[in-house]
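Below is one structure, written out as structure tokens; the observations come after it.
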There are 2 protein chains.
Amino acid sequence: MEKRYKTPKECLGKLMPVRDTLDIFQGKWKIQIISVLMYYDECSFKLLKESVKGITSKMLSKELKELEVNQLVEREVIDTRPVTIRYRITPYGESSRDIIIALYNWGVEHRKKIIGKK
Amino acid sequence: MEKRYKTPKECLGKLMPVRDTLDIFQGKWKIQIISVLMYYDECSFKLLKESVKGITSKMLSKELKELEVNQLVEREVIDTRPVTIRYRITPYGESSRDIIIALYNWGVEHRKKIIGKK
DNA sequence: CAGAATCCGGTCAGATACTG
DNA sequence: CAGTATCTGACCGGATTCTG
């Protein structure tokens, strides 16, 4: 990303991949869900709900579906009684680890800065 | 980020910095604005508006204010006639470069994957 | 347990027009 | 040029209830 004397048009090209990524991870919850699934090997609906603080069943359900469509998360139905459902991150989902780490690191530094001020 | 046998409580701790970061960069536009400002050395309102495709004056104005509050962007008023306004990314804003790069890289790979499928 | 269904208010954000 | 002002529909997302 060099600087100076660029046109909006050039800029738009550079921005496109960022927009694509944002489209997929948009919203308050998706990144958090992915983070949690990276943390656990596998996860039930209930454990997910407990781990992503504040999320409702409805939102969790909705977000999981969208993540499944984009193949970042997979859902396995195990034929027990009652049925067991397991959520797991896919290898493709794992590929977003750099994003999560960047967000995590920035958050840690940010907290230091905020606390340092007070 | 190790795996297995973690509790929701441990998980919440790991999630907090991510949540903090998300709070600040939340929304459709902030990351894009920051990206553009990383690309240019400095930028007028007009140029920003042209570079962040689809954004309205209202949104741009609102988002810039929020970014200013969080000290990611600075606004300089130059006393010409009519006044010139310059937006610039702050050093703190620059510190989010790793996030932007991670998003950019993922977007590039994602596009490859999507195109490869079709 | 793993969700679906319903209800509902709030705010987000787009379109458009206007101002100093 | 650098924004404000107003209006409006969309939809985000919370609370609650219900089901196989």
Side-chain angles (χ1 to χ4, degrees), chain A residues 7-8 11-12 15 18-19 22-34 36-37 40-70 72-89, chain B residues 7-8 11 15 18-19 22-34 36-37 40-70 73-89:
Chain A
T7 66
C11 204
L12 286 171
L15 217 48
V18 176
R19 295 171 78 117
L22 288 177
D23 278 345
I24 288 179
F25 293 102
Q26 199 60 276
K28 189 175 170 182
W29 303 114
K30 291 200 186 66
I31 289 279
Q32 292 188 59
I33 293 169
I34 301 261
V36 169
L37 288 173
Y40 296 118
D41 257 354
E42 54 184 41
C43 201
S44 68
F45 190 87
K46 194 191 173 198
L47 186 53
L48 259 175
K49 190 158 149 36
E50 286 164 6
S51 300
V52 179
K53 197 181 169 188
I55 197 167
T56 61
S57 295
K58 182 182 143 191
M59 276 301 112
L60 180 54
S61 174
K62 193 191 121 208
E63 302 289 75
L64 281 170
K65 271 175 197 158
E66 293 178 21
L67 290 171
E68 253 192 280
V69 167
N70 285 314
L72 300 170
V73 165
E74 63 183 18
R75 179 180 188 270
E76 186 192 1
V77 183
I78 298 166
D79 194 12
T80 52
R81 228 157 269 265
V83 286
T84 307
I85 314 276
R86 297 243 173 92
Y87 290 97
R88 216 171 277 118
I89 194 165
Chain B
T7 66
C11 205
L15 217 48
V18 175
R19 295 172 77 118
L22 287 176
D23 278 346
I24 289 179
F25 293 102
Q26 198 60 274
K28 192 174 168 183
W29 302 114
K30 290 198 186 68
I31 290 280
Q32 291 187 59
I33 293 168
I34 301 260
V36 168
L37 288 174
Y40 297 117
D41 256 353
E42 55 182 42
C43 201
S44 67
F45 190 88
K46 194 190 172 199
L47 185 55
L48 258 176
K49 191 158 148 37
E50 286 164 7
S51 300
V52 180
K53 197 182 166 187
I55 198 168
T56 61
S57 295
K58 182 182 141 190
M59 276 302 112
L60 180 53
S61 175
K62 193 191 121 211
E63 301 290 75
L64 281 170
K65 272 175 197 158
E66 293 178 21
L67 290 170
E68 253 192 280
V69 167
N70 285 313
V73 164
E74 62 182 20
R75 178 179 188 270
E76 186 193 2
V77 183
I78 299 167
D79 195 11
T80 51
R81 230 158 266 266
V83 287
T84 307
I85 314 278
R86 298 244 171 91
Y87 288 98
R88 216 171 276 119
I89 195 166

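Note: hydrogens, waters and symmetry copies are ignored here, and every other heavy atom, side chains too, is used. In this text, all values refer to a predicted model and were calculated from it rather than measured experimentally.
Under the 4.5 Å side-chain criterion, counting only non-hydrogen atoms from C-beta, B/Tyr40 is not in contact with B/Leu48. Counting heavy atoms from C-beta outward, A/Lys53 and B/Leu15 have side chains that stay 4.5 Å or more apart. Inter-residue side-chain proximity for B/Phe45 and B/Leu64 is flagged as met; some heavy-atom pair is nearer than 4.5 Å. A/Leu22 places a side-chain heavy atom less than 4.5 Å from the side chain of B/Gln32.
The separation between B/Glu66 atom CD and C/dT11 atom C1' is 12 Å, rounded to whole Å. Rounded to whole Å, the distance from CG on B/Leu47 to P on D/dC1 is 10 Å. Going from atom CD of A/Glu63 over to atom P of C/dA4 covers 13 Å, rounded to whole Å. Regarding A/Glu50, its CD atom lies at a distance of 13 Å from the C1' atom of C/dA2, rounded to whole Å. Summarising the geometry, the separation between CD on A/Glu68 and P on C/dA2 is reported as 14 Å, rounded to the nearest angstrom. For the pair B/Ile55 CD1 and C/dA13 C1', the computed distance is 10 Å after rounding to whole Å. To the nearest angstrom, P of C/dA2 lies 10 Å from CG of A/Leu60. Rounded to a whole Å, the NZ atom of A/Lys49 is 11 Å from the P atom of C/dC1.
A/Arg75 has a side-chain polar atom (N or O) that falls below the 4.0 Å cut-off from OP1 or OP2 of C/dG3. Listed pair A/Thr84 / C/dA2 fails the phosphate criterion, with no side-chain N or O lying under 4.0 Å from OP1 or OP2. Taking only side-chain nitrogens and oxygens, A/Ser44 comes nearer than 4.0 Å to OP1 or OP2 of C/dA2. A close approach under 4.0 Å does occur between a side-chain nitrogen or oxygen of A/Tyr87 and OP1 or OP2 of C/dG3. For C/dA2, the OP1/OP2 oxygens have no side-chain nitrogen or oxygen of A/Lys58 closer than 4.0 Å. In this structure, B/Ser61 does not reach the D/dA2 phosphate: none of its side-chain N or O atoms is under 4.0 Å from OP1 or OP2. A close approach under 4.0 Å does not occur between any side-chain nitrogen or oxygen of B/Lys46 and OP1 or OP2 of D/dA2. Proximity of A/Lys30 to the phosphate of D/dC12: no side-chain N or O atom is located under 4.0 Å from OP1 or OP2.
Between A/Pro82 and A/Thr56, the residue anchored nearer the 5' end of DNA chain D, judged by the nucleotide with its closest heavy atom, is A/Thr56. Where A/Leu64 and B/Lys28 meet DNA chain C, the nucleotide closest to each residue was compared, and A/Leu64 sits on the side nearer the 5' end.
Just one of B/Arg88, B/Glu68, B/Arg86 meets the side-chain contact (heavy atoms from CB on, under 4.5 Å) condition when paired with B/Arg75; it is B/Glu68.
Between D/dT4, D/dG14, C/dA13, one nucleotide has an atom nearer to the side chain of B/Met59 than all others, and that is C/dA13.
Taking only distance into account, the side chain of B/Lys62 never meets the base of C/dA13 through a donor-acceptor pair shorter than 3.5 Å.
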